[in-house]
Amino acid sequence: MSKLRTALAATAALGLAALAAAPAQAAAQPAFLAASQMPPSSTPWTATQVFTGVPENGGALCAPYKIPAQNTRYREFNTELDTNGVQITTVARTEADAVKLVDTLRKALAGCGPLLERQNPGLRAVSAAHGKLAVEEGAWVYSLDTADPQVGTTDIHLFAVGRDGRTVTYVRWGQMGDLKDAPLAAFRTTAKTAVNKLW
């Protein structure tokens, strides 16, 4: 009889443990970059908390309104200078949907420069692709180099889009300057880290 009670108690304990673990598993969310994992800067990076949804104005520079707000979260990054960034991560309904979103974002990033020039007469904007990274289902890196002669400013942005299963992440880094001023190699490391950290 005592053996039966022991067995029942052990079974009940296992059941309670499973119930306790279930909410934790259900609540699991993709992980985000830490401030220290952004490309090195002359002043330290700071990171916001992780927010639900997408940032204002559709969320993604060069790909506004392409990332759905549902099942999406984001974190913004800043330094004391004009350097800033964001990571947006979404979990698609199916892996096929995730593949489609990656393709949509890649096309938007590749064609961003010509689109901005059409929308802003006088602006010079050049987009460039910087290859695929070998991480999970892949990540792709792009840049956008803009110059506004009327204002006298130049800006450079680096982007990455990567996927791990149904999860897609978009990372942007930006500051004043030109492509030659951008930490492209370090950004590739940041992009790989972002995808590796998702799960």
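The shown structure was predicted, so the numbers you read here are calculated from the model rather than taken from an experiment.
Remark: Ile88 CD1 to Thr72 OG1 distance equals 8.0 Å, nearest 0.5 Å. The CE atom of Met176 lies 6.0 Å from the CG atom of Asp82; values are rounded to the nearest 0.5 Å. Once rounded to the nearest 0.5 Å, the distance linking CZ of Phe51 with CZ of Arg75 reads 9.5 Å. For the atom pair Asp145 CG and Thr154 OG1, the distance stands at 7.0 Å (nearest 0.5 Å). To the nearest 0.5 Å, the span separating CZ on Arg73 from CD on Gln49 amounts to 11.0 Å. Arg188 CZ to Lys132 NZ: the interatomic distance, rounded to the nearest 0.5 Å, is 14.5 Å.
In this structure, Leu81 and Gln175 have side chains that are not in contact, with every pair of non-hydrogen atoms separated by 4.5 Å or more. For the pair Leu116 and Leu144, the minimum side-chain heavy-atom distance is below 4.5 Å. Residues Ile67 and Tyr74 form no side-chain contact, since every pair of their non-hydrogen atoms from C-beta on lies 4.5 Å or further apart. Using a 4.5 Å cut-off on side-chain heavy atoms (C-beta onward), Arg124 and Glu117 make contact. The side-chain heavy atoms of Arg172 and Asn84, taken from C-beta on, include a pair separated by under 4.5 Å. Within the 4.5 Å cutoff, the side chain of Asp178 has no heavy atoms near those of the Ile156 side chain. Trp45 places a side-chain heavy atom less than 4.5 Å from the side chain of Thr83.
No side-chain donor-acceptor contact under 3.5 Å links Thr43 to the backbone of Thr79.
Partner Tyr142 forms a side-chain hydrogen bond (donor to acceptor under 3.5 Å, both in side chains) with one of His157, Arg106, His130 and no other, that one being Arg106. Remark: of the listed residues Val86, Thr89, Leu101, Val102, Val86 is the sole one forming a side chain to side chain contact (heavy atoms under 4.5 Å, CB included) with Tyr170.
Criterion: ILVMFWY side-chain heavy atoms under 4.5 Å apart, direct or through other members. Under it, Leu198 and Val161 are not part of a common hydrophobic cluster. Placement of Phe187 and Leu133 within a single hydrophobic cluster is found when ILVMFWY residues are connected by side-chain heavy-atom separations under 4.5 Å, directly or transitively. Hydrophobic clustering (side-chain heavy atoms under 4.5 Å, transitive across Ile, Leu, Val, Met, Phe, Trp, Tyr) keeps Val141 apart from Val168. Connection of Leu158 to Val195 is established within a shared hydrophobic cluster, with ILVMFWY side chains joined at heavy-atom distances below 4.5 Å, either directly or through further cluster members. The same ILVMFWY cluster, assembled from side-chain heavy atoms under 4.5 Å apart, contains both Val135 and Met38.
What you find for Cys62 and Phe159 is that their closest heavy atoms are SG-CZ, 3.8 Å. Minimum interatomic distance between Ala194 and Val171 (heavy atoms only, all atoms of both residues): CB-CG2, 3.9 Å. The two residues Ser127 and Leu109 make their nearest non-hydrogen contact at OG-O, 3.5 Å. Of all heavy-atom pairs spanning Ala147 and Pro149, the tightest one is O-CD, 3.4 Å. Looking at every heavy atom in both residues, Val54 comes nearest to Ala69 through CG1-CA, 4.1 Å. Taking all atoms of both residues into account, the shortest heavy-atom contact from Gly165 to Arg163 is O-NH1, 2.8 Å.
Within a 6.0 Å sphere centred on CD of Gln150, other residues, nucleotides and ligands contribute 12 heavy atoms or fewer. With a 6.0 Å radius and a threshold of 12 heavy atoms from other residues, nucleotides or ligands, Glu95 has its CD atom above the threshold. Counting non-hydrogen atoms of neighbouring residues, nucleotides and ligands closer than 6.0 angstrom, the NZ atom of Lys66 reaches no more than 12 such neighbours.
Asp97 and Thr94 share a side-chain donor-acceptor pair at under 3.5 Å. With hydrogens and angles left out, the side-chain atoms of Thr190 and Trp173 include no donor and acceptor closer than 3.5 Å.
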